[in-house]
Structures are given as structure tokens and as C-alpha cells.
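Notes follow once the structure below has been shown.
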2 protein chains.
Amino acid sequence: MSERVDRFLPGRGLKTTRQRQAVVRVFLHSHRHLSAEELHSRVRAVYPRIGYATVYRTLRLLVEAGLAEERQFGDGRARFESALHKGHHDHLICVKCGRIAEFENPRIEELQATAARRRGFKVRSHKLEIYGLCPQCR
Amino acid sequence: MSERVDRFLPGRGLKTTRQRQAVVRVFLHSHRHLSAEELHSRVRAVYPRIGYATVYRTLRLLVEAGLAEERQFGDGRARFESALHKGHHDHLICVKCGRIAEFENPRIEELQATAARRRGFKVRSHKLEIYGLCPQCR
DNA sequence: GTTAGTGCAAAGCCTTTGCATTTGA
DNA sequence: TCAAATGCAAAGGCTTTGCACTAAC
């Protein structure tokens, strides 16, 4: 899995810059559901001259390479998460404190696939989000 | 159900203006998954002096009153749909042509509720979106 | 007659882009 | 060397807000 990261730049004819290395390393070692702003400020601790544009551009590269996934949780800014270590999963989002939990349910996945197939859709991806109150906030 | 619409303004101490009447009427009679821009241009056919701000403000009122639901399908602009005539449903979105289909699956709903409950969440709402190719585009 | 609502334009956010400068291969 | 990448600032797209004017109650 780490090879995939090491090779995704040279393998696509892209240059391995210090900035990209910093962004990727910090991204992979951060908590999930990171916003671009959070990532930028974390990378700045390691590489102070990093600019927003580079963070956004690198995130886009990661998404295009399938190494990251972009999500919209409705607060207007995108969140990114590594697609490396874990398979597909869904989200439980606390509407009060913003905490995000994850879960997986193969049965739901199956039913989704069936529902789509029945309507003639060829599934490419899907997302399921449940909004509510987390144990701490209810 | 129409009473709910007629009363939602006066019942909250809000004024029933021509603009709001026009926006609500057009909104309720339009296809689902309407963007603010689409709604604005449709309302303008009925009330040419309507401004964007009024459309946005009225949409917000409808959402707060529970008469409309706001959704993000990932293209950066919100879509709105009436919450009046139909119960909860999920979406199939064509990544090529943008066509949006709807479906319902009570079994999926149940499994979602169970998954949330098991993790101590009190569900308030949820959304399930499947992205792929529609029958015409595949 | 008051107070809330409207329309316009300006401002806010998040994200992308243009461009001169820097840097990896 | 030299095209690609960076950083800054400016621009873009959607949405909200400030404010003087208008209209509902």
C-alpha cells in the first residue's frame, strides 16, 4: 500500500517535490475527514511555506489517483479521507458536535446494488450518511 | 397538506408577500431537485422583479419549516425538493448526464436505523446517494 | 403608521486559476 | 536545461448580508 503512494507521482510522470511529499505524508497520518484548511495548517507545521493552492492541487491528484476520497457533509467544505487502509464505509454525523463515526454494513451494500441494478443503473460509487445525535450529545 | 403551506407564513408571524407566494407556488409545482438558480429563473417568468436574495431567503424558510429539503449532490450547488407529497426516498445520480432518479427501500431504511442505534446515535435524518451511469448513458 | 420584506450590490466562503519565479529530473 | 510545480494574489461560483426603499398588516 505504501508502494502505491511512493509510485503514484513518478508513475504518472509527476515530480516528487518536497511540498507534495509533505502533503501526502501528513494527509496519510492524520485523522480521517480532514478539510483542506485543516490539512494546510497541519502541513504548515512541517513545511511552513506551503500554500493553499498546492494543498488543493495535491489533494486533487490524490483523488484522481484513487488514493483519497472527497466527501461533502453539508457544511459547505469538502472533507478528504485516505482510501488506502480501509474499504468502503458509511458515516454517522452528529448534528450537534460534528463528530463523525463510521460503520460498515454489507447487507446495506447489497441492497443498494440490487436497487440500482433493478433501475438499470451501473453503479460507480455511493454514499450513505446518517445525521443525528451522537451518544455524548443526546 | 396545502393548508400547511398556506399557514406556514402567518402561523410564524411572517408576512404573505407576492414574492413569497410566487416562489412557493412555483417551487411546489416544479420538478424535484431544483437548484436556487433554476427556481429563480422560473419564478421570474411569473414575477419578473424577483431577486436571488428573496429566492434564497424563501427557500431557507421552507427548509426551516420542514416543507423543503436541501441536498448536496457534489456539484457545488444545493438542490431543493418539496417534503410534502412524498415520504423519504433516496437518489440515483447519473455521473454522465446528471439525471436523477429516486427509489425507496424500506429494508435499507430499517438496516440504517439499526446500524445507528447500535452505535448509540439518535437518528434525525439520513441520505443515501448512488452515483453511476443511467440506462441511457451506460 | 410600523415593522418586516425586497432588490440591488457588495461581501463571504471555499476552491480554482493566472503568472512570475523556483526547482526537480 | 527546461518543462513542471509553487506561492501569491486575483478571480470564480454559490450563497448570504447590509441598507435604503417598499409594502403587508
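Just so it is clear, the model here is predicted, and its values are computed rather than measured. We name chains A, B, ... by the order of the sequence lines, and we start the count at 1 in each one.
Side chain of R60(B), nearest nucleotide from dC8(C), dC8(D), dT16(D): dT16(D).
Counting heavy-atom neighbours within 6.0 Å of R77(A) CZ, excluding the residue itself, gives a total above 12. Around atom NE2 of H29(B), no more than 12 heavy atoms belonging to other residues, nucleotides or ligands sit under 6.0 Å away.
Distance, Y52(B) OH to dT6(C) C1': 16 Å, rounded to whole Å. Atoms CD (E38(B)) and P (dT15(D)) sit 11 Å apart, rounded to a whole Å. Taking atom NE2 of residue H40(B) and atom P of nucleotide dT16(D), one finds them 15 Å apart after rounding to whole Å. R12(B) has its CZ atom 16 Å from the P atom of dC25(D), to the nearest Å. The NZ atom of K15(A) sits 7 Å away from the C1' atom of dT23(C) (whole-angstrom rounding). Note: CG (L9(B)) to C1' (dT6(C)) measures 14 Å, nearest angstrom. Spacing between atom CZ of F80(B) and atom C1' of dC14(D) amounts to 11 Å, rounded to whole angstrom units. For the pair Y47(A) OH and dT6(D) P, the computed distance is 9 Å after rounding to whole Å.
Residue R77(B) places no side-chain N or O under 4.0 Å from the OP1 or OP2 atom of dG13(D). Side-chain nitrogen and oxygen atoms of T16(A) include none within less than 4.0 Å of the OP1 or OP2 phosphate oxygen of dG24(C). Between dG5(C) and Q19(B), no contact under 4.0 Å exists linking OP1 or OP2 to a side-chain N or O. Residue T17(A) places at least one side-chain N or O closer than 4.0 Å to OP1 or OP2 of dT6(D).
The nearest heavy atom of DNA chain D to Y56(B) and to L14(B) marks one nucleotide each, and the one closer to the 5' end goes with Y56(B). Where A78(B) and R18(B) meet DNA chain D, the nucleotide closest to each residue was compared, and A78(B) sits on the side nearer the 5' end. Along DNA chain C, the nucleotide closest to R57(B) and the one closest to E37(A) are compared, and the more 5′ of them pairs with R57(B).
Between the side chains of H33(A) and E102(A), at least one donor-acceptor pair of N or O atoms lies under 3.5 Å. The closest side-chain donor-acceptor pair between H89(A) and E109(A), if any, does not fall under 3.5 angstrom.
Below 30°, between 30° and 60°, or above 60°: for H91(A) and F73(A) the angle between ring planes is above 60°, a perpendicular geometry.
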